[in-house]
Protein chains: 2
Amino acid sequence: MTGSTPRAEERPRLNRDAIVATAAELADGHGLRQVSLSAVARAVGVRVPSLYSHLQGTTDLMAGLTALALTELADRGDRALAGRSGRDALVALADVHRNYAREHPGRFEAAGALDVPVTDVLQAAGARVAEQTAAVLRGYPVSEEEQVHAVRLVASVLRGFVELEAGGAFGHRRPSSGESWTRVIDALDGTLRSWSSIGPT
Amino acid sequence: MTGSTPRAEERPRLNRDAIVATAAELADGHGLRQVSLSAVARAVGVRVPSLYSHLQGTTDLMAGLTALALTELADRGDRALAGRSGRDALVALADVHRNYAREHPGRFEAAGALDVPVTDVLQAAGARVAEQTAAVLRGYPVSEEEQVHAVRLVASVLRGFVELEAGGAFGHRRPSSGESWTRVIDALDGTLRSWSSIGPT
DNA sequence: GTAGATTCCCTAACATCTTTAGGCAAAATC
DNA sequence: GATTTTGCCTAAAGATGTTAGGGAATCTAC
């Protein structure tokens, strides 16, 4: 009788979004690798099998995490790009990604997971992020047919730098990675400004 | 009596290197995620606890995999850079990384694992790879103090592109990612050639 | 308002994987 | 040839993922 746990009032209800949100907190705090159904169940205060009422298993949880991260990233990108163009836009978008990775390392890792089943939500968020890069390029002399290559370049630089920095690959050596970040974005800006002269030989 | 398994002659002996090599094969074939002590033990024909005579557990196995991959990458880099300089060297080093990722996706993934305990072998291999990038930069007008930034740029571009391509992020859309690769390396070459004009404002 | 359907969480059970403890036989050492 | 060492084994325990099925609270419909 002592076990008359009145959880009903302290815990409003459980749903897929709440579970994924908890997983996101865990990922940011302890690393994506530590996210498991067990850990999430402990965190939300239910038994593991109960989670199966809301999602289909580990894979589904990871897909939800990836979709959440990409959506948040896309939302920040939209806000950052509003009213900006050219170099300003490039810097703003790049900083969005870098700052997101710093604030939410676990989610950012999830956003980069490329082995997750593609859902419609995920596809949509991914498309938004890609479109933002394309939008930035409109401020540079990049032709329609060259755009794909430029988009891939920007994506590569952003992902590579942010990932290496987050992983500690740049150590804490002098000069700081922040200085390198400025140089890298400068270099990218320069490349894009003179893109038309790179064109197909 | 029927169980007089004469394994001794068909299986020479087991050691750490052989175990890690088997793990590398599994990683390339089925993905790094699928590599486990169980899978490796099955593949080499022993029981799981037997592996503990040769390595300390899962973490140690992963560290071994990372060290193996980085060492192989460094070996290829040395061979590719011999006798080359400037743009030739840049293209050669970049292709080494891209081709290694295509030939050995699992090992490449392991090479990029940034959450593995740093051993001396691993540290040495990592240093060799970093030194190769620095060597390439000697063919460009990059000052001593600017070198760090340029190294970080090159590392970011390579890692970002190769990872995105390996993950299928560039899809199979036209134009092919191979074309983008050429453009990206061209752009990188151009940036490095004019690096001296980027310098600190 | 109450009967029935649905929802949501539970326990039980099983498979897989990691790790530790301890045994046994072959190989190496003296 | 006796002893120590080596390398593999079985046994066992703990963690995780998944499925099956039960029971109570909530919702729906008369």
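Here is the naming used below: chain letters follow the sequence lines, and residue numbers restart at 1 for every chain.
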Does the side chain of Ser50(B) get closer than 4.0 angstrom to OP1 or OP2 of dC9(D) through an N or O atom?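 Yes, Ser50(B) has a side-chain N/O under 4.0 Å of OP1/OP2 on dC9(D).
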I need the [atom1]-[atom2] distance between [X] and [N], as an integer number of Å.
X: Arg47(B); N: dA12(D); atom1: CZ; atom2: P; value: 15 Å
X: Gln34(A); N: dG17(D); atom1: CD; atom2: P; value: 11 Å
X: Arg33(A); N: dT16(D); atom1: CZ; atom2: C1'; value: 14 Å
X: Leu55(A); N: dT18(D); atom1: CG; atom2: C1'; value: 13 Å
X: Leu14(B); N: dA26(C); atom1: CG; atom2: P; value: 19 Å
X: Leu51(B); N: dC9(D); atom1: CG; atom2: C1'; value: 12 Å

Checking the side chain of Gln132(A) only, and the main-chain atoms of Ala74(A) only, is there a donor and an acceptor separated by less than 3.5 Å? yes
Determine whether a donor-acceptor pair (N or O, by modelled atom type, separation under 3.5 Å) exists between the side chain of Asp28(A) and the backbone of Arg107(A).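 Looks like yes, one N/O pair under 3.5 Å.
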Side chain of His54(B) only, heavy atoms from C-beta on: which candidate in dT11(C), dC9(C), dG7(D) is closest?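 Among dT11(C), dC9(C), dG7(D), the one nearest the side chain of His54(B) is dG7(D).
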Using the test ring pair (Phe, Tyr, Trp, His ring centres under 6.0 Å), find all partners of Phe170(A) that sit at least two apart in sequence or belong to another chain.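 For Phe170(A) the ring pair (Phe, Tyr, Trp, His ring centres under 6.0 Å) partners, ignoring immediate neighbours, are Phe161(A).
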Can you tell me how far the CG atom of Leu81(A) sits from the CG atom of Leu93(A), to the nearest 0.5 Å?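 It is 5.0 Å, given to the nearest 0.5 Å.
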Worked verdict on His104(B) versus Phe108(B) for ring-ring contact (aromatic ring centres under 6.0 Å, His included): CA-CA 6 Å; His104(B) 299 292; Phe108(B) 184 80; over 10 Å; no
Can you check whether Leu73(A) reaches His97(A) side chain to side chain, under 4.5 Å on heavy atoms? yes
Can you check each nucleotide of nucleotides 17-23 of chain C against protein heavy atoms at under 4.0 Å and return B for base, S for sugar-phosphate only, - for none, in 5' to 3' order? SSBB---
